[in-house]
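What follows is one structure encoded as structure tokens, with my remarks underneath.
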Amino acid sequence: MKSQTSLVLLLLAATGAGAAQRLEELPPATLEQGAPSPSTAPQGSSQLRPGEARFDRVGRATLTEGEGVFALSGELAAGSFAEVTALDSGKTILVQVRGQGDGLIALSGSAAAQLGVAGSAPVRVRRVTVTPQDSALLSGGQAAPTRADAPQALLVGLRRMLAEQAPVPAPARPAPPRVVKAPPAKPQPARPEPAKAQPLPARGQPAPAKPTGAARGLMVQVAALSNAQRARSLASQLGGTVRSAGNIHRVQLGPFADRAAAERARADAAKRGYGDARILSNP
């Protein structure tokens with residue numbers, strides 16, 4: 001109890017001064033009277049191996065996909081073991097870092113369930129040395145026995161450290177491609193078809209109505225872009241062609257023999273997100 005109280009007092013003093021952003025800057029706790037020295041202390045603790053740097057951070061844990069109890073980390077090497085403490089509850093578990101991830105730590109669904117957190121949760125992460133039994137369980141994706149809960153006095157100092165950290169800016173999202181709308185196309189006059197000789201109606205019967213003729217050579221214009229490469233990529237996705245005029249590259253579908261086929265193609269383009277698609281006469 002004396003060593004734990006010393007650690008709490010040192011942690012609160014460091015956070016009150018606003019100088020501690022990393023927990024490894026704190027001096028080690030004083031051993032209790034008659035406690036074993038670090039060289040004889042049991043394994044399965046934060047005792048470091050020779051040449052291994054101390055790692056003790058506060059931050060936020062995210063979630064990652066995969067089966068079993070494991071974690072990914074952008075700061076800890078694959079194969080290392082870590083002790084993760086939930087700053088909301090003090091619950092503490094062991095995980096093995098399986099590979100590279102983003103940020104401080106990303107927990108698998110099973111690890112997050114064992115820790116009792118969901119989504120972006122405030123945590124403390126310490127690199128530790130585990131027992132051979134815990135190593136065998138974690139390497140197989142199984143849960144190791146949970147550690148003792150962190151005391152509330154320690155959690156208060158850890159939460160204060162997390163609050164003093166500068167927020168990490170979110171990565172900038174790429175700007176969407178700029179779509180340049182083409183000016184409305186001038187309607188093309190329909191080409192007259194040669195008149196076909198019609199048989200004379202029988203005496204007393206009305207003359208048949210003249211055929212109007214179906215629209216032919218119709219195109220569906222999906223978009224007009226200023227970037228030729230994007231226009232070709234879009235045409236390849238839709239199975240269309242690109243007609244370029246200066247800096248304007250029109251993505252078109254067709255030609256279609258009748259208006260019904262052209263309407264179906266235009267409706268399909270609208271379902272794909274191109275609601276400005278329209279039907280044009282093929283010159």
With a cut-off of 6.0 Å (strictly less than), are more than 12 heavy atoms of other residues, nucleotides or ligands near CG of D102?
-> no
Okay, side chain of S226, backbone of I248: is any donor-acceptor separation there less than 3.5 Å?
-> no
Taking the side chain as every heavy atom from C-beta outward, state whether D134 and P145 have any pair of such atoms under 4.5 Å apart.
-> yes
Side chains of L72 and I105: does their closest heavy-atom pair fall under 4.5 Å?
-> no
Could you tell me whether a side-chain N or O of S80 sits under 3.5 Å from a main-chain N or O of A77, the two making a donor and an acceptor?
-> yes
Given side chain to side chain contact (heavy atoms under 4.5 Å, CB included), test L218 with R259 step by step and report yes or no.
-> CA-CA 7 Å; L218 298 177; R259 192 169 188 85; 3.8 Å; yes
Report yes if some heavy atom in the side chain of F70 is under 4.5 Å from a heavy atom in the side chain of Q96; otherwise report no.
-> no
Within a strict 4.5 Å, meaning less than it, do heavy atoms of the D149 and T85 side chains meet?
-> no
Gap separating the CG atom of L234 from the CD atom of Q229, nearest 0.5 angstrom = 12.5 Å
Please lay out, stage by stage, how R126 and R124 fare under the test side chain to side chain contact (heavy atoms under 4.5 Å, CB included).
-> CA-CA 7 Å; R126 292 199 307 166; R124 176 195 190 183; 3.4 Å; yes
Heavy atoms of S244 and H249 approach each other most closely as OG-ND1, 2.7 Å
Would you say L253 and L238 make side-chain contact, with heavy atoms under 4.5 Å?
-> yes
From CZ (R250) to CD (Q221), nearest 0.5 Å = 5.5 Å
For A262 and V220, which heavy atoms make the closest approach, and how far apart are they?
-> O-CG2, 3.4 Å
Q165 to V58 - nearest heavy-atom pair and separation = NE2-O, 3.1 Å
Would you call L107 and Q114 a side-chain contact if the rule is heavy atoms closer than 4.5 Å?
-> no
Is a side-chain N or O of R243 found less than 3.5 angstrom from the main chain of V251, in a donor-acceptor match?
-> no
Report the C-alpha distance between R54 and D56 in whole Å, list the side-chain angles of each, state the deciding distance to 0.1 Å, and finish with yes or no for salt bridge (Lys or Arg N to Asp or Glu O under 4.0 Å).
-> CA-CA 7 Å; R54 183 182 179 190; D56 202 339; 3.4 Å; yes
Side chain of T92, backbone of G90: donor and acceptor closer than 3.5 Å?
-> yes
Apply side chain to side chain contact (heavy atoms under 4.5 Å, CB included) to V130 and V128, showing your working.
-> CA-CA 6 Å; V130 300; V128 296; 4.0 Å; yes
Could D268 and R272 be called an ion pair, given the rule that one side-chain N must be under 4.0 Å from one carboxylate O?
-> yes
Within-4.5 Å side-chain heavy-atom neighbours: L76 and R127 = yes
Calculate, to the nearest 0.5 Å, the distance between atoms CZ and CG belonging to R266 and D276 respectively.
-> 10.0 Å
Separation between CG of L87 and CG of L155, rounded to the nearest 0.5 Å = 6.5 Å
Which atom names give the shortest non-hydrogen contact between A82 and V125, and what distance separates them?
-> CB-CG1, 4.0 Å
Are the side chain of S236 and the backbone of R232 linked by a donor-acceptor contact shorter than 3.5 Å?
-> no
For residues I279 and E263, determine if any side-chain heavy atom of one lies less than 4.5 Å from a side-chain heavy atom of the other.
-> yes
How far apart are the closest heavy atoms of L104 and S73, and which atoms are they?
-> O-OG, 2.7 Å
Is it the case that R57 places NZ or CZ above or below the six-membered ring of F55, under 6.0 angstrom from the centre and within 45 degrees of the axis?
-> yes
Full working for side chain to side chain contact (heavy atoms under 4.5 Å, CB included) between T129 and F81 = CA-CA 7 Å; T129 301; F81 297 93; over 6 Å; no
Which distance, rounded to the nearest 0.5 Å, do you find between the CZ of R278 and the CD of Q252?
-> 9.5 Å
Between L94 and V69, the two heavy atoms sitting closest are O-CG1, 4.3 Å
Taking only residues two or more places apart in sequence or in another chain, which ones pass side-chain contact (heavy atoms from CB on, under 4.5 Å) with E65?
-> none
